[in-house]
Amino acid sequence: DQQVKQNSPSLSVQEGRISILNCDYTNSMFDYFLWYKKYPAEGPTFLISISSIKDKNEDGRFTVFLNKSAKHLSLHIVPSQPGDSAVYFCAASANNAGNMLTFGGGTRLMVKP
Amino acid sequence: ETGVTQSPTHLIKTRGQQVTLRCSSQSGHNTVSWYQQALGQGPQFIFQYYREEENGRGNFPPRFSGLQFPNYSSELNVNALELDDSALYLCASSLEADSYNEQFFGPGTRLTVL
């Protein structure tokens, strides 16, 4: 039973364009959502997060949108750069579970020069 | 400030054996979580230790056990290894165990079970 799903295993975009990565969840107890980026041979690194009391959080080129009614979140990267090429994981936690995370399966983003 | 380190980097074991993986938390962090990442999948939460006590556990059998030491370094032990235990094992440390505390991940230990 996958509580966090990333339905696109891969995404390819042109440098300078927008990258949109999607994530769906099923557990209504989730109230904090995070995106992590992972390069080969490295651990995941935190990118951006959003609390369930918000519907948007922005940090530089990265924006996360949360649609609670649809149980859907998305990560927008504008403009995309070749260095953004990595695997992106969506993760969620429930208030009663601290920072124990449930991850999605990941989306591999390739940004072409 | 030293980041999260894990040892060994790679490990090959045979079915039925036991393995111990080690994690050194970032300085000042009292919480460590362990995750298993199978090939092509996202990390799955195994368990978390907070101030040397198990603080939560995912859907893993008891042959997965852990320890956190007074210096907040940590071990993951797996007994009676099975082929499906082949995965990247990640540890992550954080200042505290609540939701808003960022987790810092180590590079992982790649375990292969033959």
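Since the structure is predicted, the reported quantities are computational estimates derived from the model, not experimental observations. Labels below follow one simple rule: chain letters A, B, ... track the order of the sequence lines, proteins then strands, and each chain is numbered from 1.
- B/Leu21 and B/Val32 fall within a single hydrophobic cluster, where Ile, Leu, Val, Met, Phe, Trp and Tyr are joined by side-chain heavy atoms under 4.5 Å apart, directly or via other members.
- Summarising the local packing, CE of A/Met29 is surrounded by 12 or fewer heavy atoms from other residues, nucleotides or ligands at distances under 6.0 Å.
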Can you list the donor-acceptor atom pairs spanning chain A and chain B that come in under 3.5 angstrom?
| residue | atom | partner | partner atom | Å |
| --- | --- | --- | --- | --- |
| A/Gly98 | O | B/Ser99 | OG | 3.2 |
| A/Asn99 | N | B/Ala97 | O | 3.0 |
| A/Asn99 | O | B/Gln103 | NE2 | 2.3 |
| A/Asn99 | OD1 | B/Gln48 | NE2 | 2.7 |
| A/Asn99 | ND2 | B/Ser94 | OG | 3.0 |
| A/Asn99 | ND2 | B/Glu96 | O | 3.4 |
| A/Asn99 | ND2 | B/Asn101 | O | 3.2 |
| A/Leu101 | N | B/Tyr35 | OH | 3.2 |

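- Residues B/Leu83 and B/Leu114 are members of separate hydrophobic clusters, defined by side-chain heavy-atom contacts under 4.5 angstrom among Ile, Leu, Val, Met, Phe, Trp and Tyr.
- Residue B/Pro107 comes nearest to A/Ala41 through the heavy atom pair CB-O, 4.0 Å, listed as atom of the first residue, atom of the second, then distance.
- Atom CD1 of A/Ile53 has 12 or fewer heavy atoms from other residues, nucleotides or ligands within 6.0 Å.
- Clustering ILVMFWY residues whenever any of their side-chain heavy atoms sit less than 4.5 angstrom apart, transitively, puts A/Leu75 in the very cluster that holds A/Leu11.
- In terms of heavy-atom pairs under 4.5 angstrom with chain B, the leader among A/Pro9, A/Ala94, A/Gly43 is A/Gly43.
- Contacts of A/Ala91 with chain B are absent, with no heavy-atom separation under 4.5 Å from either backbone or side chain.
- The minimum heavy-atom distance between B/Gly42 and A/Phe89, with the atom names listed, is CA-CE2, 3.5 Å.
- No continuous path of ILVMFWY side-chain contacts below 4.5 Å connects B/Leu39 to B/Leu111, so the two sit in separate hydrophobic clusters.
- Counting heavy-atom pairs under 4.5 Å between each of A/Gly104, A/Gly105, A/Pro44 and chain B puts A/Pro44 at the top.
- The CZ atom of B/Phe105 sits 11.5 Å away from atom CZ of A/Phe46, with the distance rounded to the nearest 0.5 Å.
- The hydrophobic cluster containing A/Val64 also contains A/Leu109, counting ILVMFWY residues as joined when their side-chain heavy atoms lie under 4.5 angstrom apart, directly or transitively.
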